[in-house]
Structures are given as structure tokens and as C-alpha cells.
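Comments concern the structure below.
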Amino acid sequence: SPLRAREMTDANTAAAVKKPNVVILATGGTIAGAGADAANSATYTAAKVPVDKLLAAVPQVSTIANVRGEQVFQIASESFTDAQLVQLAKRVSALLKQDDVDGVVVTHGTDTLEETSFFLDLVVKSDKPIVVVGSMRPGTAISADGALNLLDAVTVAASKEAIGKGVTVTMNDTIQSGRDVNKRTNVVPSAFYSQWGPLGMVIEGKTYFVRSLAKRHNTTSEFDIDTIDSLPLVGIVYGSGTMIPGVYDAEVQAGAKAIVNAGTGNGSVPGYLVDKLKDIRSKGTIVIRSSRVPDGLVLRNAEQPDDTYDWVVAHDLNPAKAKILAAVALTKTQDTKELQRIFWEY
Ligand SMILES: NC(=O)C[C@H](N)C(=O)O
């Protein structure tokens with residue numbers, strides 16, 4: 001009937017007018033950096049530009065979503081601590097519980113973006129999109145990448161397609177999984193890479209998802225930031241030739257509850273260190289074998305008898321990611337079988 005047709009047109013118009021609400025949580029980084037000259041792509045100061053100015057530089061976001069900004073921190077991401085991770089995640093969780101928030105974008109330095117994106121993926125119990133974004137060049141540089149990365153982040157955060165996909169990272173036109181993406185070069189915009197490939201791309205205000213994350217995350221995670229107030233200390237020891245055994249003791253004495261061994265090759269442990277790692281394990285510290293090799297999988301009982309020594313393996317998680325998962329898991333359990341299960345499921 002003409003009346004029904006009219007009602008449907010009104011409904012469509014209302015839907016078109018009602019844009020999603022996206023909150024930008026700004027934490028600093030190079031995306032908020034400024035250099036002295038447009039030729040300075042690598043020499044600049046990070047964490048200078050406030051969130052309102054970041055948004056003003058990308059007026060196109062307002063065609064996609066109703067956007068508002070909050071300045072959570074103003075730091076370079078190498079200065080992030082566990083306390084700040086917890087504070088940020090609690091804010092993301094609180095915002096996403098609000099009916100008037102459809103998605104959250106976190107602007108972040110690229111150095112530890114892979115830690116924060118995985119942490120949020122593990123502990124924020126929401127299916128709404130969470131996008132973590134940074135830039136490799138400051139906004140003052142020729143060919144600055146931050147404005148497009150931010151526009152892409154808002155596009156993904158406002159999209160229905162991103163719901164339930166886990167925390168994503170929009171850098172260099174791609175949509176990456178916050179779980180496994182990592183920074184692979186410190187100089188060019190194509191810095192973020194996952195051995196499993198991106199989840200898709202974002203082009204001119206449209207998302208193109210082609211795959212999804214098979215690991216537990218967000219609403220399917222057993223962890224919840226609303227019940228976590230601090231994280232236990234986890235150390236990383238980097239594998240190389242001629243290692244210094246006392247480093248492990250120093251980590252334990254400083255309070256490390258777990259040590260991620262960023263071993264060579266298959267997460268290998270030199271013969272002269274095996275007794276040291278067995279010893280710290282017998283005194284209670286969790287030993288997790290990861291690898292300094294960027295890709296691949298560290299397999300249980302390959303290279304070392306993990307069952308016999310009661311060690312845990314990190315599978316495809318790099319040492320920085322393994323450290324995050326270990327810290328989160330240790331808020332719930334010290335049991336190595338449980339920890340190994342968690343290292344398989346996330
Ligand atoms: N590109 C960057 O954002 C690097 C900077 N050091 C940071 O992580 O804050």
C-alpha cells in the first residue's frame with residue numbers, strides 16, 4: 001500500500017541519518033607526533049598533538065560516524081606499563097557497555113601496539129568493534145600516514161562487519177587481527193604484518209573482510225578486565241650465543257612470576273642453560289618457550305622435553321605476545337596444564 005511504502009521510506013531515511021557513535025581514546029604515539037620540518041619522517045617528538053586536533057585533521061570521519069575523543073594518556077608507546085594497559089582496557093570496557101557507543105578506536109604508538117591490541121582482544125568482553133591504530137610518520141611529515149589510518153579505523157569501528165571479529169588494527173589500508181599482528185620494520189608505513197595474513201582491507205570508507213580469527217577472544221574469552229586490577233610481572237630473556245645465566249635469577253628476584261624464553265630457532269635452550277631453567281621452574285617460576293624467529297610455531301616437546309621439565313610453549317605467539325597472555329592467564333591459574341591449554345586456545 002502507498003502508506004506502507006511511505007513508512008518504509010521514512011525508516012530507510014532514519015537509518016541513513018542515524019550514524020554509529022564511535023569514541024576515540026587517544027594515548028599518544030607518532031600518530032600524535034610532530035617534527036620540526038615536513039622532511040622529518042623519522043626525527044620528531046611523539047605524543048604531542050591532542051585528540052581534538054587529530055580529529056580536526058580528518059573531517060571525513062564525520063560522514064561515517066558521530067565521533068568524540070578522550071585523551072587517556074599522551075605518551076610514546078614504549079613507555080606503556082601494565083598499569084596503563086589495565087586502565088585503558090577498563091575504559092574501553094566501560095564505554096562499550098554503553099548503549100550509545102557502537103565502537104571504540106584507540107590511537108596508539110606503534111612500538112607496543114601489538115601488546116595493547118592483543119591485551120584488549122583477551123580481556124574486553126564485548127563484540128562491538130575495537131580498533132587500535134597508529135602511524136609510522138608524524139602528522140607534520142610529507143606523506144604522513146596517520147590521517148588515512150585514523151579514517152580507516154573509524155570506518156572499521158563504525159561497521160557492522162567488524163562486530164565479533166576481535167580487536168583489529170588498521171595500518172596501511174589493511175585490517176589486521178590485533179592478536180597476531182606485529183611490527184616488522186621501524187621505518188616505512190607497511191610496518192604491520194601477521195604470518196597468517198590480514199583479515200581484510202579498508203578502502204574509501206568500506207571494509208572488505210576476507211577471513212576471521214579462529215582463536216578465542218573478547219566475548220568468547222574467559223578473561224574479563226572488569227575483574228582484573230593489576231597484572232603479575234612477566235620477564236622476557238632473549239636467546240643468543242653465549243648467554244648470561246644470572247639474568248634469569250635477576251628476573252626472578254625482581255618478582256617475575258613467569259619468564260618467556262625468546263629462544264633461538266624452535267624456541268631452543270642452550271645445553272648449559274637447561275639446568276638453570278629447570279631450577280627456576282622447580283622453585284615456582286613458570287617457564288614459557290617462545291622464539292626470537294618472527295614466524296612459525298614453537299611446538300611442545302620439540303627441541304626440549306617440556307612434559308618432563310613442566311615448561312609451557314607459546315606456539316605462534318612472539319615473545320611480546322606471549323608475555324601478555326602469560327600475565328593475563330596468571331591472574332587465574334598457576335597450573336602449567338591450564339596455562340598450556342590457554343596458550344593453545346588464544
Ligand atoms: N611510530 C610510533 O608510534 C613509534 C613511537 N616510538 C611510539 O611507539 O609511540
Side-chain angles (χ1 to χ4, degrees), residues 24-55 57-58 69-89 91-92 104-121 130-154 156-157 167-194 198 202 236 294 318-321 323-324:
I24 315 287
L25 296 181
T27 71
T30 298
I31 194 167
D37 187 272
N40 291 128
S41 62
T43 328
Y44 58 85
T45 313
K48 280 268 161 218
V49 182
V51 64
D52 293 343
K53 270 198 154 176
L54 288 186
L55 283 171
V58 200
E70 275 179 34
Q71 193 77 46
V72 185
F73 313 118
Q74 186 63 295
I75 55 173
S77 72
E78 58 270 29
S79 301
F80 253 81
T81 61
D82 288 349
Q84 282 153 333
L85 274 183
V86 168
Q87 187 184 331
L88 176 66
R91 186 67 193 129
V92 174
V104 165
V105 169
V106 177
T107 63
H108 199 288
T110 55
D111 282 20
T112 63
L113 194 149
E114 63 204 77
E115 278 101 324
T116 299
S117 59
F118 187 33
F119 184 65
L120 296 175
D121 195 77
I130 303 166
V131 187
V132 188
V133 66
S135 78
M136 293 300 289
R137 297 178 179 139
T140 46
I142 299 172
S143 276
D145 51 333
L148 181 58
N149 289 347
L150 182 54
L151 179 61
D152 289 348
V154 172
V156 173
V167 173
T168 53
V169 172
T170 55
M171 298 283 293
N172 208 37
D173 301 357
T174 56
I175 307 170
Q176 301 276 358
S177 166
R179 174 202 177 260
D180 43 54
V181 76
N182 54 85
K183 186 176 181 177
R184 285 295 177 92
T185 160
N186 43 24
V187 282
V188 295
S190 56
F192 280 75
Y193 171 90
S194 161
V202 49
I236 298 176
N318 72 17
K321 303 269 189 188
K323 173 173 164 162
I324 292 289

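Note that ligands are numbered from 1 as they come in the structure, with each ligand's atoms numbered from 1 the same way. All values below were derived from every heavy atom in this structure, side-chain atoms included, with hydrogens, water molecules and symmetry-related copies excluded.
Between Phe119 atom CZ and Lys323 atom NZ the span is 12.5 Å, to the nearest 0.5 Å. Rounding to the nearest 0.5 Å places OH of Tyr193 at 5.5 Å from CZ of Arg184.
Looking at Lys321 and Ser117, their side chains come closer than 4.5 Å, going by heavy atoms from C-beta outward. Taking 4.5 Å as the limit, some side-chain heavy atom of Leu148 sits within range of a side-chain heavy atom of Asp173.
At least one heavy atom of Ser135 sits closer than 4.0 Å to an atom of ligand 1.
In terms of protein heavy atoms, atom 2 (C) of ligand 1 is closest to Thr30 OG1, 2.7 Å. Here the protein heavy atom with the shortest distance to atom 1 (N) of ligand 1 is Thr110 OG1, 2.6 Å.
Listed by number with element, the atoms of ligand 1 under 4.0 angstrom from any heavy atom of Ala76 are 9 (O). Which parts of ligand 1 touch Glu78 is read off a 4.0 Å heavy-atom cut-off, strictly below it: atoms 5 (C), 6 (N), 7 (C), 8 (O), 9 (O).
Counting all heavy atoms, side chain and backbone alike, Gly109 lies closest to Thr27 at N-OG1, 4.5 Å.
The N/O atoms of His108, backbone and side chain alike, include none that comes under 3.5 Å of an N/O atom in ligand 1. In terms of polar-atom proximity, defined here as any N/O pair under 3.5 Å, Ser77 does make such a contact with ligand 1.
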Next on the checklist: Using the rule given for side-chain contact (heavy atoms from CB on, under 4.5 Å), can you reason through Val169 versus Leu113, listing the C-alpha separation, both sets of side-chain angles and the distance that settles it, and then say yes or no?
Outcome noted: CA-CA 9 Å; Val169 172; Leu113 194 149; 3.7 Å; yes
